[in-house]
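Just so we're on the same page: letters track the sequence lines, and every chain starts at 1. FYI, side chains are in, hydrogens and waters are out, and symmetry mates aren't considered; it's all heavy atoms of this structure.
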Number of protein chains: 2
Amino acid sequence: MKPMHNPPHPGEILRELCFEPLGLTVTEAAAALGVSRKTLSAILNGRAGITAEMALRLGKAFDTTPESWLHHQIQHDLWVVRRSKKKLQVRKLAA
Amino acid sequence: MKPMHNPPHPGEILRELCFEPLGLTVTEAAAALGVSRKTLSAILNGRAGITAEMALRLGKAFDTTPESWLHHQIQHDLWVVRRSKKKLQVRKLAA
DNA sequence: ACCGACTGTAACCTCAAAGGTTACAGTCGT
DNA sequence: ACGACTGTAACCTTTGAGGTTACAGTCGGT
């Protein structure tokens, strides 16, 4: 199994795949998405995650699937928990 | 693409695919997973969602991919927001 | 050099969800 | 009747999203 280097947080992907190509500003995009500038900024800078509602907003605005944004999010979430040395004490129940 | 009727909450899937086949009790499974009985009960009865950490626990215990549990979760989350009537005010930014 | 637009972010608030412990009532098999 | 299992209520803590307001910094255009 591969090393799985830092899966980028979804905000990074958002910036590279949507904002830069379209030359969007945070201010105008926040208004279009119907959220505050702070909220969008937090996502773009990796200080907040993508919620189901936000995924739907992104899907509408950029004509993408909400699932794709949430998929990036869970990959990042899993990576965060895995690298947080806290060993999960789990006993096998099957297989 | 069909309306996508109630995607079951992940707890329902957990119960049908893991608990019933193995004849597991909530009490013993909670202990094996390293969480409280309350926490597992809440998930099994759809009163709590699957977090990244819980997905990792389930993956270890049942030898499944954590991603699959989180995938079920986001499908359910999206369904909940979609059926919540609250119209998201979003302006298209692309496509 | 100044001004306006954009940006990050801090401070402050509310709301909600996860998870823990304890305790209680109900069900079910022996 | 008793013990095991279950759902769940009450109560607490922590965390994260999201909002508003305000401030300081950057940058382009005039």
K.L.:
Starting from the C-alpha separation in whole Å, work towards a yes-or-no answer on side chain to side chain contact (heavy atoms under 4.5 Å, CB included) for Lys86(B) and Leu88(B).
P.N.:
CA-CA 6 Å; Lys86(B) 80 192 297 191; Leu88(B) 303 184; 4.2 Å; yes
K.L.:
Based on the rotation axes of five pairs at each end, what angle does the helix from dA1(C)-dT30(D) to dT30(C)-dA1(D) bend through, to 10°?
P.N.:
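That helix has its two terminal axes inclined by roughly 30°.
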K.L.:
Under 3.5 Å, side chain of Gln73(A) to main-chain N/O of Gly49(A), donor-acceptor pair present?
P.N.:
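It does not hold such a pair.
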K.L.:
Give the cluster check for Val90(B) versus Leu44(A): same hydrophobic cluster or not, with ILVMFWY residues linked at side-chain heavy-atom distances below 4.5 Å.
P.N.:
yes
K.L.:
Ignoring backbone atoms, establish whether Ser41(A) has a side-chain N or O less than 4.0 Å from OP1 or OP2 of dT7(C).
P.N.:
no
K.L.:
For Lys92(A), does the NZ atom have more than 12 heavy-atom neighbours from other residues, nucleotides or ligands under 6.0 Å away?
P.N.:
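Result for NZ/Lys92(A): enclosed.
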K.L.:
Can you build the contact string for nucleotides 16-22 of chain D? Use B for base contact, S for sugar-phosphate-only contact, and - for no protein heavy atom under 4.0 Å.
P.N.:
-SBBB-B
K.L.:
Under the side chain to side chain contact (heavy atoms under 4.5 Å, CB included) rule, what do Arg37(A) and Leu40(A) come out as? Steps first, then yes or no, please.
P.N.:
CA-CA 5 Å; Arg37(A) 186 166 65 85; Leu40(A) 180 55; over 6 Å; no
K.L.:
Between dA18(C) atom P and Leu44(B) atom CG, what is the distance in whole Å?
P.N.:
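To the nearest whole Å, that distance equals 14 Å.
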K.L.:
Please find the pair of heavy atoms, one from Ala94(B) and one from Asp63(A), that lie closest to each other, and give the distance.
P.N.:
O-CB, 4.4 Å
K.L.:
Is it true that a side-chain atom of Gln89(B) and a backbone atom of Gly34(A) form a donor plus acceptor pair closer than 3.5 Å?
P.N.:
no
K.L.:
How would you list, by chain and number, every residue that makes a ring-ring contact (aromatic ring centres under 6.0 Å, His included) with His76(A), sequence neighbours excluded?
P.N.:
Trp79(A)
K.L.:
May I ask you to decide if Val81(B)'s main-chain N or O and Ser84(B)'s side chain share a donor-acceptor pair within less than 3.5 Å?
P.N.:
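Looks like yes, one N/O pair under 3.5 Å.
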K.L.:
Is there a side chain to side chain contact (heavy atoms under 4.5 Å, CB included) between Arg91(B) and Lys60(A)? Walk through the geometry before answering.
P.N.:
CA-CA 8 Å; Arg91(B) 207 168 60 238; Lys60(A) 285 190 178 191; over 6 Å; no
K.L.:
Before giving the answer on side chain to side chain contact (heavy atoms under 4.5 Å, CB included), spell out for Ile50(A) and His72(A) the whole-Å C-alpha distance, their side-chain angles and the decisive distance to 0.1 Å.
P.N.:
CA-CA 9 Å; Ile50(A) 307 273; His72(A) 289 310; over 6 Å; no
K.L.:
Tell me which residues in residues 19-33 of chain B lie within less than 4.0 Å of DNA chain C, going by non-hydrogen atoms.
P.N.:
none
K.L.:
Decide whether Trp69(B) and Leu93(A) are clustered together by the hydrophobic rule: side chain heavy atoms of Ile, Leu, Val, Met, Phe, Trp, Tyr closer than 4.5 Å, transitively.
P.N.:
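Yes; tracing contacts between hydrophobic side chains, which count when under 4.5 Å, links both residues.
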K.L.:
So which protein N/O to nucleotides 25-30 of chain D N/O distances come out below 3.5 Å?
P.N.:
none

K.L.:
For residues 7-32 of chain B, which side-chain N or O atoms pair as donor and acceptor with protein atoms under 3.5 Å away, sequence neighbours left out?
P.N.:
residue: His9(B); atom: NE2; partner: Gly46(B); partner atom: N; Å: 3.4
residue: Arg15(B); atom: NH2; partner: Asn45(B); partner atom: OD1; Å: 3.4
residue: Thr25(B); atom: OG1; partner: Glu28(B); partner atom: N; Å: 3.1
residue: Glu28(B); atom: OE2; partner: Thr25(B); partner atom: N; Å: 3.3

